[in-house]
Q: 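Dropping a structure here in structure tokens format, bear with me for questions.
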Amino acid sequence: MNERSDDLFEQRRAKAERLRALGADPYPIRAHGTHTAAQALALFARREAGEADTGATVSVCGRLRPLRIMGKKVIFAHLEDSTGEIQVYFKRDVLGESGWAVLEQLEYGDFIEVRGPLFRTKTGEITIEAHALTVLAKALRPPPEKWHGISDVELKFRQRYLDLLSSAETRLRFQRRSQIISAIRRFMDGRGFIEVETPVLQSEAGGAAARPFTTYFNALDEQRYLRISLELHLKRLLVGGLDRVYEIGRIFRNEGVDALHNPEFTMMESYQAYADYLDVAAMVEQLVATIAHDVLGSTVVPHGETTLDLTPPWRRVTMRNALIEHAGLDFEDYRDEARLRGWMAEQRIHAAPEAGWGKLIDEVFSERVQPHLQQPVFVMDYPVELSPLAKRKPDDPGLVERFEPFVGGFEIGNAYSELNDPIDQRERFVAQLAARNRGDDEAELMDEDFLTALEHGMPPAGGLGIGIDRLVMILLNEPTIREVLLFPQLRGRASQRPHDA
RNA sequence: GCCUCCGUAGCUCAAUUGGCAGAGCAGUUGACUCUUAAUCAAUUGGUUGUAGGUUCGAGUCCUACCGGGGGCACCA
């Protein structure tokens with residue numbers, strides 16, 4: 001902390017002391033607002049329409065925007081809350097000398113409560129004429145620049161509150177994120193799903209191909225993993241007879257950070273007994289369209305320079321055909337791993353040495369197909385090697401009944417007809433162990449508890465996972481996951497915290 | 001982990017070839033009784049991310065480190 005910001009801090013602290021001396025507690029316990037900014041504006045509009053008299057007073061709480069001081073007798077300012085802002089008119093002979101003395105100690109960033117009647121200024125803006133003024137919280141540090149707000153991305157993420165308080169756009173983005181999640185719950189609840197909660201701390205981290213975070217359970221003297229998916233516990237609930245379940249929860253993957261990845265992110269998974277992946281696909285396009293309509297009012301959403309049309313039905317294409325179309329590769333001609341590696345070398349596509357056939361196919365797909373998948377599309381029928389928890393296609397046991405919805409060039413989810421044959425499931429785990437022994441440290445581990453559950457009988461079911469953060473990115477036209485997370489992960493700064501005193 | 005770009009006042013940004021570190025906002029002082037990023041006048045505020053080095057002279061060049069952006073790797 002340098003001298004400069006100490007100066008600003010001390011100046012503001014001195015004002016707080018002066019407020020105390022004036023008998024105005026700078027941090028009172030209670031506020032007594034009667035209306036939000038938006039409610040006050042609406043109230044006055046109704047009164048002008050003749051629905052009530054125009055004289056009654058309101059009391060509004062909020063954060064003070066920069067003061068417009070017109071001499072020693074008049075000050076205009078806006079008061080901002082989460083519903084918007086309303087102008088306040090401070091007139092010295094109306095407010096009174098004691099109120100004016102308090103006002104002189106206030107500035108941009110302070111929280112106050114203003115009581116008085118509503119009126120329209122000469123320029124037509126609905127305004128509160130301040131008859132009484134109460135300090136609610138004196139800010140000791142200056143807010144960001146009033147016009148540009150925060151543009152330093154590091155400050156924006158480390159001190160997101162500064163971004164929020166100075167950017168209505170940022171506030172709206174996170175309000176909409178919340179509305180999207182509410183809309184998901186409404187949709188799922190409306191279809192008879194029940195929301196459940198399963199453990200974050202697990203003995204084995206399964207259900208996805210990812211490295212887990214580890215932690216330690218002292219009381220039991222055992223290692224624990226933070227979950228990397230919700231899948232294996234939710235399927236146990238199908239065994240238990242809960243036919244339609246979903247969970248919205250944070251999952252953790254010990255991986256790098258980029259525009260599409262944050263190590264902790266939010267997933268919605270659902271499992272529906274007696275359904276298959278085609279039923280799930282129909283649900284997904286309906287779900288996304290419903291959310292878009294509820295939150296944005298349209299199923300056509302802006303996306304960079306273009307738009308995305310989320311209106312059902314979405315295109316369906318098999319993974320094989322997508323590869324033929326965009327990569328010129330028919331994987332049925334390259335079932336041999338060595339032959340596939342040769343083709344990839346010719347095409348200059350990176351091939352990880354420890355990758356098996358399935359992972360190689362996935363690399364080709366990511367490299368050559370995925371960037372083309374801008375408009376929503378379901379990519380169907382994945383190689384069994386990539387999908388150890390999905391049911392095989394009856395007419396093609398090398399493939400599974402699985403799809404991923406792609407929008408904007410990346411996948412927003414994953415779904416399949418759930419594998420409920422315990423013998424096949426055990427064999428898949430064995431194959432995963434082989435991959436792990438070959439060096440794939442993200443292969444699934446044998447989960448005996450889960451296998452025991454399957455052996456008790458799990459109904460046929462369609463399962464779904466949707467990455468909420470990525471869905472929000474698509475719906476709100478945000479190119480990076482960081483902008484839809486309030487506090488994205490950053491390297492810690494123990495010695496150089498920007499604003500901690 | 002590797003490559004690359006960036007880091008200047010509380011915030012938003014300047015600074016020519018290596019040649020006196022500057023502006024707007026915020027703050028302070030003054031003027032102004034209907035303003036809208038109020039306006040006008042004056043003014044405080046800097047170890048240029050940190051530590052070294054080259055040089056008569058470094059915000060600028062070099063090295064290392066810290067933090068961030070982008071790319072690669074990783075991530076179905």
Side-chain angles (χ1 to χ4, degrees), chain A residues 1-12 14-15 65-78 85 87-94 107-109 119-125 127 129 139-159 162-163 166 207-211 228-229 253-263 265 319 350 352 355 358-363 365-366 370 379 382-383 385-390 402 404 410-411 413-414 440-444 465 467 480 482 488 490-499:
Chain A
M1 195 54 58
N2 61 37
E3 283 180 36
R4 170 64 186 143
S5 63
D6 276 347
D7 281 353
L8 295 177
F9 186 87
E10 288 306 330
Q11 282 173 8
R12 282 176 171 254
K15 288 176 189 169
R65 296 282 306 164
L67 274 52
R68 299 187 289 278
I69 302 171
M70 323 295 301
K72 288 190 161 58
K73 294 176 181 171
V74 168
I75 295 178
F76 283 92
H78 279 86
E85 60 178 14
Q87 182 168 256
V88 183
Y89 174 56
F90 298 100
K91 197 176 179 193
R92 189 165 186 166
D93 52 17
V94 171
E107 60 208 304
Y108 177 27
F119 73 107
R120 256 185 216 280
T121 62
K122 286 176 185 169
T123 53
E125 180 163 354
T127 301
E129 182 182 64
L140 298 185
R141 295 185 188 279
E145 210 266 353
K146 66 182 178 185
W147 189 243
H148 301 94
I150 291 286
S151 69
D152 181 313
V153 292
E154 187 178 352
L155 268 188
K156 195 158 80 168
F157 299 143
R158 287 192 195 279
Q159 297 178 271
L162 295 179
D163 182 29
S166 61
R211 268 178 284 268
I228 58 173
S229 88
R253 296 183 182 178
N254 206 338
E255 292 155 3
V257 177
D258 65 25
L260 291 177
H261 298 87
N262 191 68
F265 61 103
M319 181 178 235
H350 173 81
K359 285 202 91 162
L360 292 174
I361 289 294
D362 190 56
E363 285 179 18
F365 183 84
S366 301
Q370 208 170 305
V379 177
Y382 283 61
E385 292 87 343
L386 277 176
S387 316
L389 301 166
R402 170 185 176 186
E404 291 189 323
F410 55 83
E411 74 274 28
N414 185 20
D440 181 355
D441 56 2
E442 291 171 349
E444 292 277 346
T480 75
R482 283 186 297 266
L490 296 174
R491 197 176 293 273
R493 295 186 78 182
S495 59
Q496 284 191 7
R497 292 189 200 140
H499 271 133

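Residue numbers start from 1 in every chain, and the chains themselves are labelled A, B, ... in the order their sequence lines are given, proteins ahead of strands. Just so you know, these numbers use all the heavy atoms, side chains as well, and skip hydrogens, waters and symmetry mates.
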Q: Between B:G67 and B:G53, how many Å separate the two P atoms, rounded to a whole number?
A: 24 Å

Q: Once you apply a heavy-atom cut-off of 4.0 Å, does A:R92 come out as touching a base, just sugar-phosphate, or nothing?
A: nothing

Q: Starting at atom CG of A:D7, determine the distance to atom P of B:U43, rounded to an integer number of angstrom.
A: 18 Å

Q: Is A:R491 close enough to B:G68 that one of its side-chain N or O atoms is under 4.0 Å from OP1 or OP2 there?
A: yes

Q: Expressed in angstrom and rounded to an integer, what is the separation of A:D163 atom CG from B:C11 atom C1'?
A: 13 Å

Q: What I want to check is whether an N or O donor and acceptor connect the side chain of A:H261 with the base of B:C75 at under 3.5 Å.
A: yes

Q: What interatomic distance, in whole Å, is found between P of B:A73 and the corresponding atom of B:G59?
A: 39 Å

Q: Using the side-chain heavy atoms of A:K73, tell me which of these nucleotides is nearest: B:U33, B:C74, B:U12.
A: B:U33

Q: To the nearest 0.5 angstrom, please state how far the CG atom of A:L386 sits from the CD1 atom of A:I361.
A: 8.5 Å

Q: Is the closest side-chain heavy-atom distance between A:Q370 and A:E411 below 4.5 Å?
A: yes

Q: First locate atom CZ of A:R141, then atom CD of A:Q159, and finally report the distance between them rounded to the nearest 0.5 Å.
A: 9.0 Å

Q: Once you round it to whole Å, what is the distance between C1' of B:C11 and NZ of A:K156?
A: 14 Å

Q: Between A:I150 and A:K122, which residue's closest nucleotide on RNA chain B lies nearer the 5′ terminus?
A: A:I150

Q: Rounding to a whole Å, what distance do you find between A:I69:CD1 and B:A37:P?
A: 16 Å

Q: Excluding sequence neighbours, so at least two apart, what forms ring-ring contact (aromatic ring centres under 6.0 Å, His included) with A:Y382?
A: none

Q: Using atom C1' in both nucleotides, what's the gap between B:U54 and B:G18 to the nearest angstrom?
A: 11 Å

Q: Once pairs are restricted to Watson-Crick or G-U wobble with both distances under 3.5 Å, how does RNA chain B read as a dot-bracket string, [ ] for crossings and | for other-strand pairs?
A: (((((((..((((.....[..)))).(((((.......))))).....(((((..]....))))))))))))....

Q: Reckon A:N414 touches a base, only the sugar-phosphate, or nothing at all at heavy-atom distances under 4.0 Å?
A: base

Q: Given B:G69, B:U36, B:U35, which nucleotide is nearest the side-chain atoms of A:R482?
A: B:G69

Q: Without swapping roles, check the side chain of A:T127 against the backbone of A:E125 for a donor-acceptor pair under 3.5 Å.
A: yes

Q: With distance as the sole test, does A:E444 use its side chain to make a donor-acceptor pair with the main-chain N or O of A:G207 at under 3.5 Å?
A: yes

Q: Taking the C1' atom in each of B:G24 and B:A9, what is the distance between them to the nearest angstrom?
A: 12 Å

Q: Would you compute the distance between atom CG of A:N262 and atom CD of A:E255 and round it to the nearest 0.5 angstrom?
A: 11.0 Å

Q: Is it true that the side chains of A:R402 and A:N414 contain a donor and an acceptor less than 3.5 Å apart?
A: yes

Q: Between the base of B:U35 and the side chain of A:E125, is one N or O donor paired with an acceptor at under 3.5 angstrom?
A: no

Q: Take the protein atom CD of A:E154 and the nucleotide atom C1' of B:C66, then report the distance between them rounded to whole Å.
A: 10 Å

Q: Could you give the distance separating B:G1 and B:C62 at their C1' atoms, to the nearest angstrom?
A: 25 Å

Q: Using the P atom as the point on both nucleotides, what is the distance between B:G45 and B:U36, in whole Å?
A: 31 Å

Q: Taking CZ from A:R65 and P from B:C11, how many angstroms apart are they, rounded to a whole number?
A: 17 Å

Q: For A:E255, which contact category applies under a 4.0 Å heavy-atom criterion: base, sugar-phosphate, or nothing?
A: sugar-phosphate

Q: Can you see if the side chain of A:R120 gets near the phosphate of B:U35 - specifically, an N or O under 4.0 Å from OP1 or OP2?
A: no

Q: Report the distance from atom CZ of A:F157 to atom C1' of B:G67, rounded to the nearest whole Å.
A: 14 Å

Q: Between B:U35 and A:R68, is there an OP1 or OP2 to side-chain N/O distance shorter than 4.0 Å?
A: no

Q: Are any of A:R253's side-chain N or O atoms less than 4.0 Å away from OP1 or OP2 of B:C75?
A: no

Q: Regarding A:G149, tell me which of base, sugar-phosphate or nothing describes its non-hydrogen contacts under 4.0 Å with the strands shown.
A: sugar-phosphate

Q: So what does A:F119 hit on the nucleic acid, given a heavy-atom distance under 4.0 Å: a base, only sugar-phosphate, or nothing?
A: base

Q: Under 4.0 Å, counting only non-hydrogen atoms across every strand here, what does A:Y382 touch: a base, just sugar-phosphate, or nothing?
A: nothing

Q: Are any of the side-chain heavy atoms of A:M319 and A:P383 separated by less than 4.5 Å?
A: yes

Q: Is any side-chain nitrogen or oxygen of A:K146 closer than 4.0 Å to OP1 or OP2 of B:A26?
A: yes

Q: Indicate whether OP1 or OP2 belonging to B:G68 is found under 4.0 Å from a side-chain N or O atom of A:R158.
A: yes

Q: Please report the distance separating the C1' of B:U50 from the corresponding atom of B:C32, rounded so that it comes out in whole Å.
A: 48 Å

Q: As an exercise, state the distance from CG of A:D7 to CZ of A:R12, rounded to the nearest 0.5 Å.
A: 13.0 Å

Q: Which of these nucleotides, B:U12, B:A38, B:G10, is closest to any side-chain atom of A:P142?
A: B:G10

Q: Write out a two-atom table: protein N or O, nucleotide N or O from nucleotides 71-73 of chain B, distance below 3.5 Å.
A:
none

Q: CG of A:L67 versus C1' of B:A37: gap in Å, rounded?
A: 14 Å

Q: So if I take every side-chain heavy atom of A:R211 and compare against B:U35, B:C75, B:C11, which nucleotide ends up nearest?
A: B:C75

Q: Among the nucleotides B:C34, B:G68, B:C75, which one has an atom lying closest to any side-chain atom of A:L490?
A: B:G68

Q: Taking the C1' atom in each of B:G10 and B:G57, what is the distance between them to the nearest angstrom?
A: 31 Å

Q: What pairs with A:F76 under ring-ring contact (aromatic ring centres under 6.0 Å, His included), at least two apart in sequence or on another chain?
A: A:Y89

Q: Using the rule given for side chain to side chain contact (heavy atoms under 4.5 Å, CB included), can you reason through A:H78 versus A:R68, listing the C-alpha separation, both sets of side-chain angles and the distance that settles it, and then say yes or no?
A: CA-CA 9 Å; A:H78 279 86; A:R68 299 187 289 278; 3.4 Å; yes

Q: From C-beta outward on A:T123, which listed nucleotide comes closest to its side chain: B:U35, B:C75, B:A26?
A: B:U35

Q: Can you tell me how far apart CZ (A:R482) and NZ (A:K156) are? Round to the nearest 0.5 Å.
A: 9.0 Å

Q: Would you mind telling me which residue lines up with the more 5' stretch of RNA chain B, A:K359 or A:P66, judged by nearest nucleotide?
A: A:P66

Q: Using atom names, set out every protein N or O paired with an N or O of nucleotides 28-30 of chain B below 3.5 Å, distance rounded to 0.1 Å.
A:
{"residue": "B:U28", "atom": "OP1", "partner": "A:K15", "partner atom": "NZ", "Å": "2.6"}

Q: According to a strict under-4.0 Å criterion, is A:S151 in side-chain N/O contact with OP1 or OP2 of B:C13?
A: yes

Q: Select base, sugar-phosphate, or nothing to describe what A:K91 touches, counting heavy atoms under 4.0 Å on all strands.
A: base

Q: Going by salt bridge (charged side-chain N to carboxylate O under 4.0 Å, His left out), name the residues that satisfy it together with A:K15, two or more places apart in sequence or in a different chain.
A: A:E107

Q: Could you state the interatomic distance from CZ (A:F265) to CG (A:L260), rounded to the nearest 0.5 Å?
A: 11.5 Å

